[in-house]
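Structure first, then comments.
No hydrogens, no waters, no symmetry mates; every other heavy atom, side chains included, goes into these values. Each ligand, and each atom within it, is numbered from 1 in the order the structure gives.
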Amino acid sequence: MRLYDIHYHAFDLSHANLLAFLSRDDLITPEALHSLMKKLPWYMKMIPVGFAQFKCIEKLIADKARHFLLHESGRLRSLLSILENAIESHFLYIDYFLQNKTPIIQPLTSNIQPPTSIAPSLPLSVDKLILCPLLMDFGFKNMGSQPQFYDIPPGKPIVTQVVDMINAIYFYYHYEFVKDPGSIGKLKTVEIPFDPASRFLEIYPFLGIYTANYSLQQVERIFEKYFSGFENDTPQSRRNKLFEKMGTIHLDITEISGKKGDPATRKDLNYLFAGIKVYPPLGFDPWPDQDDERTKVELLYKRCIEKNIPIITHCSDGGFLTDPKGPFYSDPSQRWSKVLTHPDYFNLKLDFAHFGSQKTGETAWSQAILKLIETNPNVFSDISCRGMTTGFYQSFKTVLNRSNESRFLFGSDFLINMLWIDSYNHYLDLFLRDTNLDDKIKTKISNKNAEKFLFG
Ligand SMILES: [Zn+2]
């Protein structure tokens with residue numbers, strides 16, 4: 001089976017807005033702190049005793065915290081190890097672990113043999129994994145209100161992410177990781193003949209756009225640069241063109257940004273991206289009140305409809321929250337509902353990510369999504385970052401019915417989901433083995449629906 005993961009992230013430390021990352025309220029949770037504190041019960045009781053002991057306790061807490069980070073926070077360290085890896089080898093790295101470390105997702109075809117005794121046979125066999133890495137336009141916002149000396153926000157121009165992403169895809173189709181016989185425990189990179197059809201992954205990234213970072217003219221230029229020709233596509237030609245372009249382009253930043261106001265020199269940037277990602281928690285307002293900002297989002301929607309470009313919008317009340325109005329902008333019943341009920345934008349193909357997850361466990365947002373799905377055939381929702389336990393699939397099953405099951409999409413939210421799960425392997429394994437959803441439904445949400453959303 002071709003399994004589509006419609007919601008994936010591949011970034012490194014330079015892409016993410018670290019301040020936004022560290023201030024995620026799901027990174028350091030009361031539970032994590034509690035589990036750390038549980039390791040110090042006797043000492044904690046001594047805190048009021050006296051200053052000398054308190055100093056000693058401070059050191060103890062620091063030691064324990066360091067120990068926790070180095071030896072017990074496996075997930076955090078795994079996450080950091082991926083973030084620290086060179087972005088160009090991201091897909092090689094993930095592919096290598098999918099094929100070599102249990103749970104193994106796909107029987108290996110290349111020269112490295114997995115330990116057969118522990119390779120499980122999965123109910124659905126995955127021959128190809130299709131990833132849609134979503135770029136996030138972190139822009140220049142977010143310094144927060146806390147005083148600090150270097151108080152001009154670091155620029156995170158999306159163009160550097162574009163270069164890194166396209167080059168990472170190029171790298172994946174031109175190289176392979178193999179065990180280095182000369183150095184145990186290490187991998188070496190070897191060149192391979194270019195043949196994307198023979199590789200386990202297919203990669204169709206989504207471009208992150210935050211309209212407030214651009215002028216109206218620049219928004220228009222983004223569509224000319226990356227999406228020219230899309231308006232003439234059939235589902236089949238869209239699919240073919242994206243596949244044919246994949247892994248063929250290697251970029252230099254000067255070629256796509258243009259120097260000193262010169263236009264970019266590369267003219268072959270179309271079909272590198274399959275869709276567009278918007279991210280309300282960082283401040284993207286789907287239906288702004290101000291005229292100039294409204295004009296820009298309307299241009300975005302208009303072009304996406306004309307060119308049949310799918311949009312994915314973050315839809316949970318968490319995430320990289322840097323704008324206090326983020327949850328309001330993300331709420332499907334607020335701004336988005338205005339967009340989708342506008343007669344001009346009814347045909348916008350939109351995926352509400354994370355099925356509207358809310359921290360409190362309330363379901364108002366997912367109910368709002370279900371309502372939009374009912375009334376609009378172009379609305380989809382992905383379950384990325386939700387399938388962390390079988391409990392989720394159990395409750396998800398009760399939501400599905402004949403009329404809405406064609407609108408759900410499988411997604412992981414990897415690598416963000418590593419805050420809650422050990423690896424990408426584990427997330428896929430949980431989905432493939434889950435017995436709440438039958439194979440027909442699984443195939444629908446991870447294949448048929450995804451193809452319709454991406455190409456159709
Ligand atoms: Zn995400």
Side-chain angles (χ1 to χ4, degrees), residues 4-13 15-18 20-27 75 78-79 82-83 87 90-91 94 129-139 142 156 158 161-162 164-165 168 203-210 273-284 286 310-323 326-327 329-332 336 350-359 365-366 369 380-388 392 408-421 423-424 426-428 431 445-446 450 453-454:
Y4 288 76
D5 179 350
I6 206 80
H7 192 133
Y8 182 98
H9 297 281
F11 48 71
D12 68 11
L13 284 173
H15 296 165
N17 185 323
L18 273 186
F21 193 75
L22 292 173
S23 58
R24 286 181 68 108
D25 56 11
D26 40 19
L27 187 63
R75 285 180 188 164
S78 270
L79 174 65
I82 297 168
L83 282 172
I87 184 72
H90 176 95
F91 298 110
I94 299 309
L129 179 62
I130 295 89
L131 301 181
C132 295
L134 314 177
L135 298 194
M136 288 166 62
D137 194 343
F138 284 102
N142 172 44
K156 299 279 182 182
I158 190 84
Q161 277 194 66
V162 169
D164 286 347
M165 174 61 66
I203 309 164
Y204 301 120
F206 275 50
L207 182 66
I209 296 183
Y210 179 15
F273 291 96
I276 286 172
K277 170 78 188 285
V278 293
Y279 203 84
L282 291 170
F284 174 82
I311 296 185
I312 297 180
T313 182
H314 174 91
C315 188
S316 80
D317 56 4
F320 293 90
L321 199 57
T322 63
D323 190 308
Y329 298 150
S330 303
D331 185 341
W336 280 120
L350 184 66
D351 164 29
F352 288 101
H354 318 305
F355 190 29
S357 172
Q358 290 174 273
K359 277 176 246 169
W365 289 23
S366 51
I369 293 170
F380 292 78
S381 185
D382 73 56
I383 56 166
S384 61
C385 217
R386 301 297 299 268
M388 305 296 183
F392 167 73
F408 283 99
L409 306 166
F410 175 75
S412 65
D413 207 24
F414 184 81
L415 45 73
I416 308 291
N417 72 357
M418 285 201 54
L419 293 169
W420 304 277
I421 199 157
S423 70
Y424 193 37
H426 287 85
Y427 192 89
L428 291 177
F431 173 68
I445 69 171
S446 67
F453 178 71
L454 274 180

(message) Pair I94, Y8 - check side chain to side chain contact (heavy atoms under 4.5 Å, CB included), show working.
(response) CA-CA 12 Å; I94 299 309; Y8 182 98; 3.3 Å; yes
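For the ring-ring contact (aromatic ring centres under 6.0 Å, His included) test with F408, the passing option among F380, F453, F355 is F355; the others fail.
When you scan the N, O or S atoms of D413 for the one nearest the Zn ion (ligand 1), you land on OD1. Within H7, NE2 is the N, O or S atom that lies nearest to the Zn ion (ligand 1).
Taking 2.8 Å as the threshold, H354 does not count as a candidate ligand of the Zn ion (ligand 1), since none of its N, O or S atoms lies below it. Taking 2.8 Å as the criterion, C385 does not count as a coordinating residue of the Zn ion (ligand 1), since none of its N, O or S atoms falls below it.
The backbone N or O of C132 lies less than 3.5 Å from no partner atom in the side chain of Y4, so there is not a single donor-acceptor pair. Looking at H9, its side chain does come within 3.5 Å of a backbone N or O of L134 through a donor-acceptor pair.
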